[in-house]
Protein chains: 2
Amino acid sequence: MSTVATGTSPGRAALLSAMEELAREHGVNNVGLREVARRAGLSHAAPTHYFGSREGMIRALALEGLSLLGRELCAAQERAAHLPGRERLVADSLEFVAFAQRHPAHYDAMFRTPRPAQGDETLDGARIAALDGLRALVADVRAAGDITGDVETTFLQLCALSHGLASLAVDGLLHGIEGPAPAEDVVERTIRAQVAQLP
Amino acid sequence: MSTVATGTSPGRAALLSAMEELAREHGVNNVGLREVARRAGLSHAAPTHYFGSREGMIRALALEGLSLLGRELCAAQERAAHLPGRERLVADSLEFVAFAQRHPAHYDAMFRTPRPAQGDETLDGARIAALDGLRALVADVRAAGDITGDVETTFLQLCALSHGLASLAVDGLLHGIEGPAPAEDVVERTIRAQVAQLP
DNA sequence: CACATTGCTTTACAATGTCAAGTACCCCGC
DNA sequence: GCGGGGTACTTGACATTGTAAAGCAATGTG
C-alpha cells in the first residue's frame, strides 16, 4: 500500500491508545509521531502508515472521541429520562463538561485543534452527529412545554456555555478566573443557573 | 548574556509581530521559531535569545494579547457607558468575541494553549486583570439595580459563554453546529438572548 | 502457483528546537 | 582613550522530528 490503511487492526488501536496517553500528559499538540510509535512498540513510521500524517492521526483521535461523546451523551439522557425537563438539560450539559475532563486528549482533538483541519466535512459531520442528541433533547423539552425559547438559540447557548466551561476547566483556567472553589462545583453552579434562567 | 533579554527592543517587537502574522495563517502551534526569525529578518536563534524557548515565545504573545484585551474591553465599556445596564453587558461580551476574531493568534496564546504553560502565575494574573473590567461592569450593573443575580455566577456565565462562542467562531465550528448564518449574527443573537435572560 | 493486499520496517532527508560560543557595538568609569 | 561590561544579536553544531520511498514477510484469492 502507499497511503492510509484500513479501518481496524491491532496496531492501529495500539497507536491510538498510546497517543491518547501521551496527549493526556503533554497536550495534544506536543505529541510526536515517533514517540507514539515508541510507546506502542512499533517502528517510527507506523503512525504515518496508518494515519498518513501527524494531522491525520489527530483527526483519527477526534473521530474516535466524537463517536464516544455521542454515545455518552445519549447514555446520560437515558439515565435522566425520568427527571423533569430542565433537569434533563442540566444532566446532559454536565455530562458534556465531564466528558471533556475525563477525555481531555480526545476533547482537544475534537474541538480545540485550531486553524488547520478546518473544512473537513466528515469531521464536521461527526461533530454535528455527536451533538444531535443534545439538540433533540432541547426540542423535546420544549415540546413538553418545560421551556419556551427558540430551540436553536437555546441549543447554542447550552453548547457554547458548556464548551466554554469545559475548555476553561480542561486548561485549568477556572481557578484563574473564578475563585479557588473546586472546578466541578463551579461548573455545576453555572450550568444550573443557566438552565434555570431559560425562558 | 545567557538567558532571556530585556523588555523592549526593535528586534523583539519585530519577532512578536512576525509570529502574530504566522500564527494567524497557520495556527499558533504550527509556527516555528526559525520561520518566525526568517520573516523578521533575523538569525534562526534570535527568538531563543529573546524568549528562551518556543513556549516562552507563545507566552510573550499571550501577555501582549492580554494587555491588549484589557484595554479594548475598557474602551468598549466607555463607548457603551451611556446605554442601559444590560446593553452594556451585551456590548462588552460582544467586544470579547470580536477581539478573538480580530486577533485569533493572540487569543489562542492567551486562552487556548493547552496543557503546558499551566501554573504560570504572571500569566494567570494577567488573565484576571484583563477580565477585571468585565467583572466590575457586572457588579456595577447589579448595583444600579438592572440585574439581581449573583455577581460571580453572572460573570462566569458571560465569560464562559463568550469564550465558548469565541472559540467556536475562531475555529470555524459555528457553521458546523449552527446553520449557515453568518457567524457574527449567530454570536450576537446568542449573547443578546443570554443577557436578556439574566435575572 | 501467481498475485495482490495488508501490515508493517528500514533507510534517507530536510527541517526544527535548543545549546554553547563567538562577535560587533555601545556606554561608563578611569 | 582605553578597558570592561552589558546588549543584541549571529554562527555552528546536535539530537530529534515529520515525511517520503522502497522493501519485505505473511495472508488470502484466483
Side-chain angles (χ1 to χ4, degrees), chain A residues 1-23 25-62 105 108-109 113-117 120, chain B residues 1-23 25-62 105 108-109 113-117 120:
Chain A
M1 272 256 298
S2 62
T3 40
V4 204
T6 68
T8 56
S9 104
R12 201 185 123 102
L15 286 168
L16 268 179
S17 96
M19 158 147 208
E20 207 251 315
E21 276 183 48
L22 286 167
E25 295 166 31
H26 307 110
V28 103
N29 48 47
N30 295 16
V31 307
L33 252 17
R34 288 169 116 108
E35 202 185 352
V36 168
R38 250 168 346 235
R39 176 157 316 194
L42 296 173
S43 83
H44 72 246
T48 318
H49 167 70
Y50 281 111
F51 307 109
S53 67
R54 211 190 99 98
E55 207 190 311
M57 181 142 184
I58 295 174
R59 200 185 96 108
L61 193 69
D108 279 355
T113 306
R115 240 44 22 85
D120 176 327
Chain B
M1 274 258 299
S2 63
T3 41
V4 204
T6 66
T8 56
S9 104
R12 201 185 123 103
L15 286 168
L16 269 179
S17 96
M19 159 148 209
E20 206 252 315
E21 277 182 47
L22 287 168
E25 295 166 30
H26 308 111
V28 100
N29 47 48
N30 294 18
V31 306
L33 253 18
R34 288 168 116 107
E35 203 185 350
V36 168
R38 246 162 358 230
R39 176 154 317 194
L42 295 173
S43 83
H44 71 244
T48 316
H49 167 67
Y50 281 110
F51 307 110
S53 70
R54 211 190 101 96
E55 207 191 310
M57 179 140 184
I58 295 174
R59 200 185 96 108
L61 193 69
D108 279 356
T113 305
R115 243 40 24 85
D120 176 327

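Predicted, not measured: the structure shown is a model, and the values here were computed from it.
- With Arg54(B) as reference, Leu33(B) is the one residue of Thr48(B), Val36(B), Leu33(B) to meet the side-chain contact (heavy atoms from CB on, under 4.5 Å) rule.
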Sugar-phosphate atoms are those with a prime plus P, OP1 and OP2; base atoms are the rest. Using that split, label each nucleotide of nucleotides 14-21 of chain D B, S or - for protein heavy atoms under 4.0 Å, 5' to 3'.
---BBB--
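- Rounding to the nearest 0.5 Å gives a distance of 5.0 Å between CE of Met19(A) and CD1 of Ile58(A).
- Rounded to whole Å, the distance from CG on Asn29(B) to C1' on dT16(C) is 15 Å.
- Between Ser9(B) and the phosphate of dC9(D), there is a side-chain N or O to OP1/OP2 separation shorter than 4.0 Å.
- Scanning for side-chain hydrogen bond (donor to acceptor under 3.5 Å, both in side chains) contacts around Glu35(A) gives an empty result, with sequence neighbours left out.
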Candidate pair Phe51(A) and Leu61(A), rule side-chain contact (heavy atoms from CB on, under 4.5 Å), full reasoning
CA-CA 10 Å; Phe51(A) 307 109; Leu61(A) 193 69; over 6 Å; no
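- Considering all non-hydrogen atoms of both residues, Ala60(B) and Arg12(B) come closest at CB-NH2, 4.4 Å.
- Distance Tyr50(B) OH to dG17(C) C1': 19 Å, rounded to the nearest Å.
- As a whole-Å value, the separation of Met57(B) CE from dT18(C) P is 12 Å.
- When rounded to the nearest whole Å, the span between CG of Leu22(B) and C1' of dA15(C) equals 15 Å.
- Straight-line distance from the NE2 atom of His49(A) to the C1' atom of dT5(C): 11 Å, rounded to whole Å.
- Here the side chain of Thr113(B) pairs a donor or acceptor atom with the backbone of Asp108(B) at under 3.5 angstrom.
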